[in-house]
Peer 1: 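Below is one structure. I have some questions about it.
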Amino acid sequence: MTFEPVFETQQRPLLVAGPCSAESEAQVLEVAKALKTVGIHLFRAGIWKPRTRPNSFEGVGYEGLGWLKRVREEVQLPVTTEVAKGKHVDAVLEHGIDVLWLGARTTVNPFSVQEIADALQGVDVPVMVKNPLNADIQLWIGAIERIYKAGVRRIAAVHRGFYKYGEKRYRNIPYWQIPIELKRQFPDLQLICDHSHICGIPVLLQQTAQRALDLNYDGLMTEVHPNPPAALSDSRQQITPVEYDQMVRSLVVRAPGTEDSLFWRELDHIRRQIDEIDDEVFQLFSERMKLAEQIGIHKRNRNISIYQPERWSRIRERILSKGTSLNLAKEFLSAVIDAVHQESIQHQGEVMNRPMDPGHKASSGELKSVKSENSPK
Ligand code: PEP
Ligand code: MN
C-alpha cells in the first residue's frame, strides 16, 4: 500500500483539535473560533458518540453536521468527525465534511469497517483510522487495508492508546512500539497521536505530545472544550483553548534529518559504540545460555526439575535492585530478566530432553538414588 497525506501542509505537527463531542451550535462555534486563532489545521468534533455504557450522552447526531458546516464556512476551518456506520458516511459526505475518522471501537470490528469501506467506494475523501481498543496491530492494518481497497489513498493512522485492565497511569496505555512498527511497515502513512485519549487527564498531555513529536509523528489530535468540567463526554481529559495554545507553544519540533555532515559523523561515532556494546551484550547472553545448558546437564544427571522458584525469585530481586541503582527502569529490568529466564529455560529444556550420549550410564539405580534422596525424611 502507498499512501498520500490526509492533509497537505509543510508545517509539523499537523494540529487536529476540537471538543470530544459537538454539544450545541454555540459551543462548536466558540471553540472553533478560539482554535482558529491558535492556528490548528483541522477541527474535530464527535457527532455520534460510541459510549461504553448506555444512558450516557450519545452525541447530537445529524443536527451537528450543520454546525460543522458553519465551522467550515464561517470560521474557515476544515472539519472532521467520526463515522461508525455506512449511513454516517453518506450523511457526512452530503454535508461536505473534509475528513472522516474511524474510532477505536469501530476499527476493532471488521464488519463495521467493511460497511464504512463499502460506503466509501469510489469516493475521494481522506480517512483517519484510530487504533483498535486492543493492542493488535493486524486489526489496525486490516482496517486501513479495507479503506484502502475502497480506493481511498489519503489515509492517516491515529494512535489513541490501548485498553489494559488495571492500567492506572494512562487511560489507554500507549505501547509506542505498535505505531512505530506500523510506521516502519508503511513509512508514507501519516501518523497522528491522539494524546487526549491516551492520557485521560490534562497533566500528561504535554509530555505525551512531546514524546510523539520526538518519535517523528506527523500530527496531534487533542480534545479542547470551552468549559471542560461541563463537557458532556470525556470532561476529565479536555482542556481549554488557552491551555491548548500554551501546550502547542511549549512543544519542540525536531527535524527527521539534516544535511550537516558533522552531525552525522558525531552520530556515527556514538552509534558505533552502541553497536559494539550490543555485540558484547549478546555475546554475554550466549555465554550465559551455555552456563544454563551446563546447569541443564547437571540437573538431568540427578533428575532434578528445571524450574527452581527460590533461585528464580533471588535472581529477579537481585537484578531489580542492582538495575534500578544503575538508572534502569523497573519495567525494562523485569522485561529483560523475564526474557533471559525464558531463553535459559528453553536451553536447559533442550539439553535435558536431548537423547543421552551413548557413553552415559543412565541406570535405574541412578534414578532410584535420586528418588530416595528426594523422598521426605
Ligand atoms: C473520540 O475521539 O472522542 C473517541 C470516541 O475516541 P476513541 O475512538 O479513540 O475512543
Ligand atoms: Mn473523546
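Remember, it's 1-based here, ligands and their atoms both numbered in the order they're listed. Residues: numbered from 1 along the sequence shown.
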Peer 1: Ion pair present between Asp278 and Arg271, side-chain N to carboxylate O less than 4.0 angstrom?
Peer 2: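 So Asp278 does not pair with Arg271 through a salt bridge.
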Peer 1: Between Glu74 and Lys33, does any NZ, NE, NH1 or NH2 come within less than 4.0 Å of an OD or OE carboxylate oxygen?
Peer 2: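 A salt bridge is absent here (no side-chain N lies under 4.0 Å from a carboxylate O).
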Peer 1: For the Mn ion (ligand 2), which protein N/O/S atoms are closer than 2.8 Å?
Peer 2: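 The answer is Cys20 SG, His197 NE2, Glu223 OE2, Asp234 OD2.
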Peer 1: So, using side-chain hydrogen bond (donor to acceptor under 3.5 Å, both in side chains) as the criterion, who are the partners of Glu280 when residues are at least two apart?
Peer 2: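 Not a single residue meets the side-chain hydrogen bond (donor to acceptor under 3.5 Å, both in side chains) criterion with Glu280.
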Peer 1: Can you tell me how far apart NE2 (His159) and OG1 (Thr208) are? Round to the nearest 0.5 Å.
Peer 2: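 These two atoms lie 9.5 Å from each other.
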Peer 1: When you measure from the centre of the six-membered ring of Tyr148, is the NZ or CZ of Arg153 closer than 6.0 Å and no more than 45° off the axis?
Peer 2: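 Yes, a cation-pi geometry holds between Arg153 and Tyr148.
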Peer 1: Under the salt bridge (Lys or Arg N to Asp or Glu O under 4.0 Å) rule, collect the residues that match up with Glu243, sequence neighbours excluded.
Peer 2: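 Partners of Glu243 by the salt bridge (Lys or Arg N to Asp or Glu O under 4.0 Å) criterion come out as none, since no residue qualifies.
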Peer 1: Do Leu14 and Ile192 come within less than 4.5 Å of each other through their side chains, counting heavy atoms only?
Peer 2: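 Side-chain contact under 4.5 Å: yes.
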Peer 1: Is the shortest distance from a Lys or Arg side-chain nitrogen in Arg184 or Glu181 to a carboxylate oxygen in the other one below 4.0 Å?
Peer 2: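 Judged by the 4.0 Å cut-off on N to carboxylate O distance, Arg184 and Glu181 do form a salt bridge.
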Peer 1: Do Lys299 and Gln348 pair up side chain to side chain, a donor and an acceptor below 3.5 Å, judged on atom types alone?
Peer 2: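 A pair is found: one side chain offers a donor N or O, the other an acceptor, under 3.5 Å apart.
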Peer 1: With hydrogens left out, which residues have an atom under 4.0 Å from ligand 1, given that only heavy atoms count?
Peer 2: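 These residues qualify: Cys20, Arg44, Lys49, Glu82, Trp101, Gly103, Ala104, Arg105, Lys130, Arg160, His197, Glu223.
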